[in-house]
Amino acid sequence: MDRLKIPAHICKGDAVAFISLSGGRAGDPDMLPRYELAKARFENEYGVKVVETPNALKGNEFLYTHPELRWADLEWALTNPEIKAIVCNQGGDDSYRVLPYVDTNIIYDNPKILMGYSDVNTWMAVFANAGVRAYYGPNVLTPIGQPGKFDDYSKEAIRKALFSNEIIGEIMPPEAYTKIEWNDKINPKKIKWEKHEGYSIVQGTGMVSGRLFVMMPGPMNQIMGTKYYPSKEYLDGAILAIEHGKPYGDALAGFHNLRAFAASGIFDKASAIVTGKLDDLSRYYLQKVINEEVHREDMVILENVDFVHHTPMTVFPIGALCEIDCDRKSFSILESGTR
């Protein structure tokens with residue numbers, strides 16, 4: 001993982017492509033106003049020009065029917081010399097259907113920023129297989145298009161990871177968080193924000209470092225058995241970011257997902273796990289799998305880090321060297337996100 005090509009950072013005036021690699025809701029009539037709002041926010045905040053890939057706004061039904069055109073859009077953005085970075089409009093559950101059309105040589109020969117989260121995790125694995133760093137972070141529709149405002153925490157995370165070649169450093173928790181809000185007509189004052197309680201250590205001591213890889217259960221279980229699913233050898237010493245439990249799913253479903261991961265061997269050689277906020281049952285199941293079934297009582301687990309399905313969220317550069325300090329309950333990225 002330490003040999004991944006690192007894309008160049010974005011500069012003011014650059015063109016950034018917005019793409020629909022999984023779901024295509026950004027192009028549906030009821031979602032277009034939200035898309036346009038997010039586009040304007042991104043352009044105004046970073047001084048870039050946003051362009052849509054050719055099929056990005058053709059709607060959810062059309063893009064479901066034509067997975068080959070989703071790959072065609074990515075190829076278009078990668079090989080277009082005017083495009084400097086690519087941001088996904090949304091997640092979904094459908095990226096795996098694009099895999100038969102993928103040419104990893106095109107990704108390797110044209111290393112560019114690709115950012116998104118949720119089902120876009122499939123593309124983190126595809127880019128890693130191709131030998132290029134991708135970025136697990138905000139999608140266009142959320143949190144960039146979150147009703148009310150584009151929050152400062154997510155803004156700065158994007159700026160540090162994608163618009164700079166300086167070391168990212170310690171990732172501090174936000175002051176507050178809220179659920180993903182899909183009701184665009186809601187009064188922003190009625191959006192409930194909860195105080196962030198900071199990071200906590202579920203288990204482990206001392207300091208641990210490793211290269212970062214994100215493993216979302218839904219998309220990663222869909223590609224298990226393909227060449228894109230990372231092997232335990234590839235993840236030797238890695239810090240695994242796993243969204244487990246609510247709001248991603250219920251505790252029992254999370255238990256089954258963790259067991260699938262355990263069966264694949266990814267926990268055997270990893271050095272640590274980073275996860276979001278856990279309820280008691282989800283925390284119990286996580287420790288049960290790691291300690292009683294995988295027998296990794298030594299594995300550090302850091303809880304309540306903000307890469308999960310809520311607002312705000314940080315940006316995780318895949319393959320970046322990271323560090324967890326259990327005494328300080330801190331998480332740091334020891335490299336720049338881009339070059």
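All of these numbers come straight from a predicted model, not from anything done at the bench.
- Centroid-to-centroid, the aromatic rings of Phe163 and Tyr46 come within less than 6.0 Å.
- Checked against the 6.0 Å centroid threshold, Phe316 and Phe331 count as a close aromatic pair.
- Electrostatic pairing of Arg211 and Glu335 counts as a salt bridge here, judged by a charged N lying under 4.0 Å from a carboxylate O.
- Under the 4.5 Å side-chain heavy-atom criterion for ILVMFWY residues, no single connected hydrophobic cluster contains both Ile167 and Ile318.
- In the hydrophobic cluster analysis, where Ile, Leu, Val, Met, Phe, Trp and Tyr join through side-chain heavy atoms closer than 4.5 angstrom, Leu334 is grouped apart from Ile168.
- In summary, Lys288 and Glu292 engage in a salt bridge, as defined by a charged side-chain N under 4.0 Å from a carboxylate O.
- A salt bridge (Lys or Arg N to Asp or Glu O under 4.0 Å) with Glu303 holds for exactly one of Lys277, Arg283, Lys329; it is Arg283.
- For the pair Glu181 and Lys190, the salt-bridge criterion is not met [side-chain N within less than 4.0 Å of a carboxylate O].
- The local environment of NZ in Lys155 is crowded, with over 12 non-hydrogen atoms from other residues, nucleotides or ligands closer than 6.0 Å.
- Residues Tyr285 and Phe255 place their aromatic rings such that the two centres sit under 6.0 Å apart.
- Using a 4.5 Å heavy-atom cutoff, the side chains of Met215 and Tyr229 are in contact.
- Aromatic ring pairs are classed by plane angle as parallel below 30°, tilted from 30° to 60° and perpendicular above 60°; the pair His196 and Tyr199 is perpendicular.
- Taking 4.0 Å as the cut-off between side-chain N and carboxylate O, Arg296 and Asp268 do not count as a salt-bridged pair.
- For Phe18 and Phe42, the gap between ring centers is short of 6.0 Å.
- Side-chain contact between Lys84 and Ile113 is absent, with no heavy-atom pair separated by less than 4.5 Å.
- Linking Ile, Leu, Val, Met, Phe, Trp and Tyr residues whenever their side-chain heavy atoms come within less than 4.5 Å places Ile6 and Ile106 in a single cluster.
- With contacts defined as side-chain heavy-atom distances shorter than 4.5 Å, the pair Thr122/Leu99 qualifies.
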